[in-house]
Structure formats: structure tokens, C-alpha cells
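Taking it in order: structure first as C-alpha cells, then the write-up.
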Amino acid sequence: MKNLINQLSHFLQTLGRSMLLAISVMPCAAILNRISSDDMLNILFLKEAAWTIFAILPILFAVSVAGGITKDKHIAAGVSSVVVYEILVRTLKATDDSGINVFGKIAAFNVENNILIGIIAGIIAGFLL
């Protein structure tokens, strides 16, 4: 039992460390968003840059988690995590207006910009390599 708790603790520590790369870009996005607001500089391309970072956060989490949990920190884990993320999103979202996914089940809504899906994709890709 103690060995299981140690393994779980080690995995959670590794997962937490691997998410730091994706977390580190969030202050940059927040600063860009604030600087580009209407009452500051009002620069449209900076606001678009900030919201682009926010939009790709699930992919950033997928890449950082996959790269962080692999033994050799392979870049292939990051690339494969993007593929796994896209597979998860495309298979879980609704295929049409009926709300049914490709498995014939009720689709998961808000799956396209979900950071948890990115973390799960990173874990899957990290364990595959």
C-alpha cells in the first residue's frame, strides 16, 4: 500500500512539474491583454496575440505534459500529444446538429477549448512513448 502511495505521489509531482511550461505563458497572455485594452495602448494585434495564447492553452498543456512525463523528454511526445488532442476533440464533439458524436453517443460539449482534454492527451501521448 505504501509503495502504491509513493508511486502515485511521484506521478502527481511529475505531472505538476510538466504543467509548469504551459502555466508559464499565461502571465504573458494576461499582460498582453491588459496592455492592449482600450484604456491603455489599444493595439489590436497585441489583443489578438493574447487571445491566441488563451485559445491554444489546451494544446500547450498537451505538449508540456507529454514532454514532461516521458523519460527522455522527446519532442515526439509533444507532436504526438497534438495528434492525440485532435483525435479526442474530433471524436468527442458532435458531428452534426443532433448532438451525437462518432460513437453514436451524446457528444461532450465545450470539448474544443478544454484544458483537461489537453492534459489527458498529454498523459496518453507521454505514456505511449
Side-chain angles (χ1 to χ4, degrees):
M1 183 70 178
K2 190 173 186 178
N3 190 22
L4 178 67
I5 293 173
N6 285 338
Q7 288 177 344
L8 180 64
S9 174
H10 177 70
F11 172 73
L12 291 176
Q13 286 177 354
T14 304
L15 182 65
R17 260 186 267 122
S18 65
M19 284 193 285
L20 287 177
L21 179 64
I23 291 171
S24 67
V25 299
M26 290 174 17
C28 174
I31 290 169
L32 282 175
N33 191 33
R34 179 63 187 129
I35 288 173
S36 65
S37 64
D38 295 337
D39 61 340
M40 294 280 288
L41 299 178
N42 197 16
I43 301 173
L44 189 60
F45 76 89
L46 288 180
K47 184 173 281 299
E48 192 62 34
W51 285 103
T52 301
I53 293 171
F54 288 132
I56 64 169
L57 271 178
I59 295 174
L60 291 176
F61 272 96
V63 171
S64 67
V65 167
I69 65 174
T70 56
K71 299 234 183 277
D72 297 331
K73 313 290 189 251
H74 279 250
I75 192 66
V79 173
S80 62
S81 69
V82 174
V83 173
V84 171
Y85 173 77
E86 286 298 321
I87 290 171
L88 285 174
V89 167
R90 290 175 187 262
T91 56
L92 293 177
K93 72 178 183 178
T95 56
D96 53 10
D97 292 335
S98 66
I100 304 296
N101 63 15
V102 295
F103 299 112
K105 305 288 185 189
I106 297 175
F109 295 101
N110 298 329
V111 74
E112 291 177 350
N113 292 323
N114 195 333
I115 292 175
L116 182 62
I117 299 295
I119 293 171
I120 291 170
I123 290 171
I124 292 170
F127 282 128
L128 290 177
L129 290 180

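Nothing here was measured: the structure is a model prediction, and the numbers come from that model. Along the sequence shown, the residues carry numbers beginning at 1.
No more than 12 heavy atoms of other residues, nucleotides or ligands shown are found within 6.0 angstrom of CD1 on Ile106.
Summarising the geometry of Ile87 relative to Thr91, their closest heavy-atom pair is O-OG1, 2.7 Å, with the distance given to 0.1 Å. Between Ala94 and Ala107, the shortest heavy-atom distance links the atoms N-CB, 3.3 Å. Of all non-hydrogen atoms in Tyr85 and Asn114, the two that sit nearest each other are CE1-O, 4.4 Å. Annotation for Ala77 and Ala125: closest pair O-CB, 3.9 Å, computed over non-hydrogen atoms. Ser81 and Ala66 get closest at one heavy-atom pair: CB-CB, 3.6 Å. Heavy atoms only, all atoms of each residue included: Val111 and Val89 are closest at O-CG2, 3.7 Å.
The distance from atom OG of Ser37 to atom CG of Leu32, rounded to the nearest 0.5 Å, is 11.5 Å. How far CD of Gln13 is from CG of Leu8: 10.0 Å, rounded to the nearest 0.5 Å. Ile23 CD1 to Leu60 CG: the interatomic distance, rounded to the nearest 0.5 Å, is 11.5 Å. For the atom pair NZ (Lys2) and CD (Gln7), the distance works out to 13.5 Å, reported to the nearest 0.5 Å.
Looking at heavy atoms from C-beta onward, Asn33 lies in side-chain contact with Lys47 at the 4.5 angstrom threshold. Using a 4.5 Å cut-off on side-chain heavy atoms (C-beta onward), Pro58 and Ile117 make no contact.
Side chain of Ser36 to backbone of Leu44: no donor-acceptor contact under 3.5 angstrom is found. In this structure, Ser9 contributes its side chain and Asn6 its backbone to no donor-acceptor pair below 3.5 Å. For the pair Thr52 (side chain) and Glu48 (backbone), a donor-acceptor distance under 3.5 Å is present.
Under the 4.5 Å side-chain heavy-atom criterion for grouping Ile, Leu, Val, Met, Phe, Trp and Tyr, Ile124 is not connected to Val83 through any hydrophobic cluster. Cluster annotation: Ile115 and Leu20 are assigned to distinct hydrophobic clusters (Ile/Leu/Val/Met/Phe/Trp/Tyr, side-chain heavy-atom contacts under 4.5 Å, transitive). Note: the hydrophobic cluster containing Phe61 also contains Ile56 (ILVMFWY, side chain heavy atoms under 4.5 Å, direct or indirect links). Under the 4.5 Å side-chain contact rule for hydrophobic residues, Phe11 and Met19 share a cluster. Side-chain heavy atoms closer than 4.5 Å link hydrophobic residues (I, L, V, M, F, W, Y) into clusters, and following such links, possibly through other members, connects Phe54 to Val25.
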Using the rule given for side chain to side chain contact (heavy atoms under 4.5 Å, CB included), can you reason through Ile35 versus Ile43, listing the C-alpha separation, both sets of side-chain angles and the distance that settles it, and then say yes or no? CA-CA 8 Å; Ile35 288 173; Ile43 301 173; 5.7 Å; no
Side chain to side chain contact (heavy atoms under 4.5 Å, CB included) for Asp39 and Arg34? Distances and angles first, verdict last. CA-CA 9 Å; Asp39 61 340; Arg34 179 63 187 129; 2.9 Å; yes
